[in-house]
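Everything numeric in this text was worked out from a predicted model, so none of it was measured.
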Amino acid sequence: MTAALHLAYWQTTTIKVLVVMGVIPLGALVLAYVFLLKMMSHMQSRLGPMEAGPHGVLQLLADAGKFLQKEDVFPERADRAVFALAPVVVLMSAFLLYVVIPAGPRLTVSNLDTGVFFALAVSSLSVLGVLMAGWSSANKYSLIGALRAAGQLIAYELPLVLGVVGVVIQAGTMSLQGIVQAQAHGALLGFKTLGEPYILPQALGFVLFIVGAQAELTQTPFDMPLAETELVAGYMVEYTGFRFLFFFMAEFGTAFAFAAIGATLFLGGWYVPGVHGTAADVLGPFVLGAKIMLVSFFIFWFRFTYPRFREDQLQAVAWKYLIPLALVNILVTGLLKVVV
Amino acid sequence: MAELPGLIKGLGVTLRTMLRPAVTVQYPHEKETPPTRSRGVIALKEENCTVCMLCARSCPDWCIYIEGHKDKAPPRREGGKPRTIQLLDRFDIDYGLCMYCGICVEVCPFDALFWSPEYEYSEVSIAELLHDKERLGDWMKTVPEPLALEAGAEVKKGAKN
Amino acid sequence: MAADAAAGEEAAAGGTPEAESPAAQATATTEAPAPVDERRQPWLEALQAELGEALVGHEIAGGDVWVRVDSRAWRRAVVACRDRLGCDYFCFLSGLDWKADVDLAAEKVWDPEAQPSAPAAGANGGYRTGVAGGDTRFQVFARLFSTSAKVGITLKADLDEEDPRVESIVSLYRGAEWHEREAWEMLGFTFDGHPGLRHIYLPGEFEGHPLRKDFPLLSRDVKPWPGLVDVEAMPGEPEGGGDAEGADAEGAGAEGGEG
Amino acid sequence: MAVVTEFQKAAYVAGQAADARVNVEIEAEGMTLNIGPQHPATHGTLRIVVRLDGEQVVWAEPVCGYMHRGYEKLTEVRTYPQVTTLVNRIDWLGSFANEVPFILAAEKLMDVEAPPRAQWIRTALFELGRLANITLFLGDMGVQLGALTPVFYAFRDREHVLNLIEAATGGRFHPNYDRIGGLKEDLPKGWVTEVKSAMSRIRTFCDEMEDLLVGNEIFETRTRGIGLVPAAVGLEYGLSGANIRASGVDWDIRRDEDSPLAWKHCDWKVWTHPDGDCFARYWVRLQEVREATKIVEQLLDGLPSGPIQAKVPRIIKVPAGEAWVHTDNPLGEMGYYVVSKGGLGPFRTKIRTPSFSNISILPWLLRGVYVPDVITILASLYFILGDIDR
């Protein structure tokens, strides 16, 4: 885009910022509507919201309107500055994730060479926001929730990162754009036309990534930090109004971003066989969107089906099973890379 | 035969349910009909009431208020004595207190009270849940015919619903 | 249930003549004695052997057994039930207040054949007590059950009216803790040796013992009974002439004429 | 004298402190956490004060009474027919089962017995009440463990049972259908066939729960070995019903006691489980639901014809006496100790509700578990607030 139109730096930056600002709420809205409101409802033999717009498509906008009208409540003993800042930090981490996700051969905010590294790093920023929220609320439920979240996010960062390492080894680059290109030009069992989506050679890595992402998103079966039946809503129990809306948007925005990263790393991103050049720039976002929905479907399907692990059990799952598996995956991938 | 892991079977259950139609009813647009015997609201057939106070007395919640007065009515047969009848001045049921037990309907010896399955009479103000005898009389339109009984039931002669 | 067994239940225990109310005595004389309950009779005999004099009343009727013990032997009786009879299941513990409820006259619970007079004072200070007898106003009673023999027993003990006090059985049945707290709160019984008698249902600052018969039930006092006859008399007729039965009869007459 | 243990003393002091409404204090030795009175896990208004060391419970003390309605006192100012509508509201999920023991106690005192058809219908509705109650538990346990979906299935399939109860009695939740000596009225036409289809739906629901929850590895790790109740301790605390059968005690009042109700005419099985943990309690209830559907079908197949009401006076006066009647209600052993002095209403009614005894074990059971397990244990003991507080 930048190359074709020769825009000034400030212009491209503004466009990128606006696009990201638009994509996050839109992505969050789409995910929340399609999966939280509709798929979950149908999985539970009901229809979900049906009143606002056809099939309730405007329900989330109505909800957002309601949240915006609500009083901005601070708990009496809250640390006001930290309390106010926490949702912003969480939302910011979701925003930063989008910077490196390519939506087409040239459609990317910033094609960092260390894209994977960057994405996984900024996704951990949300832990900071969660801890801030939990501590500053002066609520015991929040505090327990935040501490659980911190422990869990750190524990699951590892399998997530290690699961991705296999892809990085196979692609030979950490740039997300590079990984998409590697999948596009890869040859699966000698068939060059279809490319090589890494979900096939890196199936174990994909499983690790999905599990890790599920935990990072604090979704069932890893939603101990929220655990609405015991901690009510964990670290966000004291938040109302637009601050809660921030958390809500961050939750689904991050889910969207993780699904996008998953789609990019394992399903070939924007690439669809037979489409190249400018056509890929036009079709890319839609292809990526479809793949995101596919990955999200799995993430949310697990969320609506499973009960949750206890905090110590989910730590055990991470340290005893996922991390060793990830290490094995890296070892095998590395060996094959060297040998083949 | 090896069983599928429970994690996979669970996913199958939710997926199957998703592909089936939902069972819910979109309430204000479509309504379910409650069964005939539903205890929705009590209807009053005023002309049958003789102000005997049985319902008010057997109400466990004391939510029926009755006032009446005596009057002379023309004799039934030619040349008979004029009768003394009791006329209803006030018959209120406070649905804010009512427990919907149906004892009043059951004890009424003159078939003046009936159950109607109607349920849409919520109010903004609790005071309006006190239905007076006109409002209770209006419910009579919604009272259904009593149902036929299941096979093997004893048929009572002259039984009230 | 066998008909005669249930009827025999009304009869007061043979071992406690002082507890027999006149009405119960009357029925007892007319009925044939209930057949011996093979499962419960040995229980009673075992308890009689164990407790001796302290067992002051008993009754086996309608497939159930009641034993009334001296309040000082309350804990001993529970131990006997647990260890000798194998009662492993603690069902409940509660109390009875036998004070006649004069307040609950015909107006509160409608009774067409109401006797407005207060119940006649009986042999034991006006308290008409129930199965297995009783001498005082208060009784504590508990039910224990043996899940192996599938037989239960109701233990009773008379308590002093001024200072209803009995030994706690929490150390025998841990489940009794909450039940004793409830009895303490609702009836004002004191259980010696209970680890912490405090309110369980009611707020901490609550005063009074709601299940005692002299505790007023305010919801029935603040509002007049709507069942009071409120039919205005015709001019010339004496006020208040139309009482409940009058209206009833008149109405019935009118209906009969129609049909 | 009774031995007062350190723990009991601590629990006492804790309760006092809780009463003083100590809400937010974070101390070095531990943290007091108030679960409730308004909390999603307590489905009602139960409050549990737990002292935490990290995430581990040092002691816990349930505080109940937020919904105490004083039914024992209220029965004293009501007539016998008026009491049934009151006791419907004790365990509001399986409410038909509440009125049965009370009516049986009154009938025992009056020495009347309802005709067989009435007993058959009573038993069938009793079991429908059990279905309405326990199916919700089967789903709700999932919610307490984080699985949102099962409870919706429970609500979906339970609806058919509630519709049946309403079609027969007129009340979804508060049937008030039992009368002394019989029933209010006979069943409506076509009811029996509807019941048959609903029963097969409930069995399908059980299979779904088996796939969705019982077989789920996460569910098993969350419930196996959690909240162990040894049989002796459970009996001492007065645990009853499925809770004690899950500890291996083979005791079901429906089978073991000679009741006028019609269970003795059916072929069914009492399930027990040796483990005594949360999983066992869930599993036993799941089997109980399946058995209940079988009982209902058998009863309706062999439904005798005839009257449904024995001859009783129009104004019911119960002769003086005392009667204790208990049944195996959905939540456990429920019993009424009715004392009559020959009046229109009971002189005193002691209502023995299962949940009250079932949760009295909590201080013992919750020691040393983790906070999430508190919720698991609460859910698996399965209480209804109205049944605790009466």
Side-chain angles (χ1 to χ4, degrees), chain A residues 36 39-48 75-78 134-135 137-145 147-148 151 211 214 218-234 237-238 300-317 320-321, chain D residues 23-26 30-36 38-43 48 50 52 54-56 139-157 159 205 208 211-214 216-224 226 369-379:
Chain A
L36 184 75
M39 184 177 105
M40 179 167 89
S41 302
H42 283 280
M43 281 189 167
Q44 295 166 349
S45 286
R46 57 197 178 93
L47 291 170
E76 194 188 330
R77 294 167 70 170
W135 179 80
S137 299
N139 180 309
K140 293 174 188 178
Y141 289 111
S142 304
L143 185 65
I144 295 176
L147 291 176
R148 282 181 184 179
V211 173
Q214 198 83 344
T218 62
Q219 302 213 43
T220 341
F222 307 103
D223 68 336
M224 221 5 101
L226 294 174
E228 64 283 340
T229 43
E230 53 201 77
L231 298 185
V232 194
V237 66
E238 293 286 3
F300 284 95
W301 190 11
F302 300 145
R303 169 171 173 174
F304 301 140
T305 304
Y306 291 150
R308 69 174 77 89
F309 278 113
R310 208 171 60 203
E311 190 62 27
D312 57 326
Q313 290 164 344
L314 64 84
Q315 295 282 350
V317 168
K320 284 189 188 160
Y321 303 106
Chain D
N23 269 322
V24 177
E25 103 270 15
I26 299 169
M31 177 164 100
T32 308
L33 185 71
N34 261 300
I35 300 180
Q38 301 288 333
H39 189 275
T42 59
H43 34 115
I48 299 168
V50 289
L52 296 179
E55 282 232 19
Q56 213 165 20
D140 177 72
M141 183 87 177
V143 169
Q144 304 299 343
L145 294 177
L148 273 175
T149 308
V151 77
F152 286 94
Y153 295 174
F155 276 121
R156 178 191 68 193
D157 293 328
E159 192 70 9
F205 164 76
E208 273 183 348
D211 286 349
L212 195 58
L213 275 183
V214 182
N216 190 308
E217 284 78 2
I218 300 173
F219 181 81
E220 282 201 44
T221 40
R222 283 299 305 278
T223 51
R224 289 256 193 212
I226 306 294
V369 304
Y370 294 105
V371 175
D373 293 338
V374 172
I375 311 302
T376 316
I377 291 168
L378 275 181

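By the 4.5 Å heavy-atom criterion applied to side chains, I226(D) and R310(A) are counted as neighbours. Residues T32(D) and K140(A) are in side-chain contact: their nearest non-hydrogen atoms beyond the backbone lie under 4.5 Å apart.
Between Y141(A) and I35(D), the shortest heavy-atom distance links the atoms OH-CA, 3.2 Å. The two residues A147(D) and T305(A) have their closest heavy-atom pair at CB-O, 4.0 Å.
Rounding to the nearest 0.5 angstrom, the gap separating the OG1 atom in T221(D) from the CG atom in D312(A) is 10.0 Å. Atom OH of Y370(D) is separated from atom CD of Q313(A) by 9.5 Å, given to the nearest 0.5 angstrom. Once rounded to the nearest 0.5 Å, the distance linking CG of L33(D) with CG of L143(A) reads 10.5 Å. T149(D) contributes atom OG1, which lies 11.5 Å from atom OH of Y306(A) (distance to the nearest 0.5 angstrom).
Heavy-atom distances place both the backbone and the side chain of F219(D) under 4.5 Å from chain A. Interface residue I375(D): only side-chain heavy atoms are found under 4.5 Å from chain A.
Most heavy-atom pairs under 4.5 Å with chain A, from the set V143(D), L213(D), D373(D), V151(D): that is D373(D).
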**Q.** side chain to side chain contact (heavy atoms under 4.5 Å, CB included) between R308(A) and R222(D), worked out
**A.** CA-CA 8 Å; R308(A) 69 174 77 89; R222(D) 283 299 305 278; 3.6 Å; yes
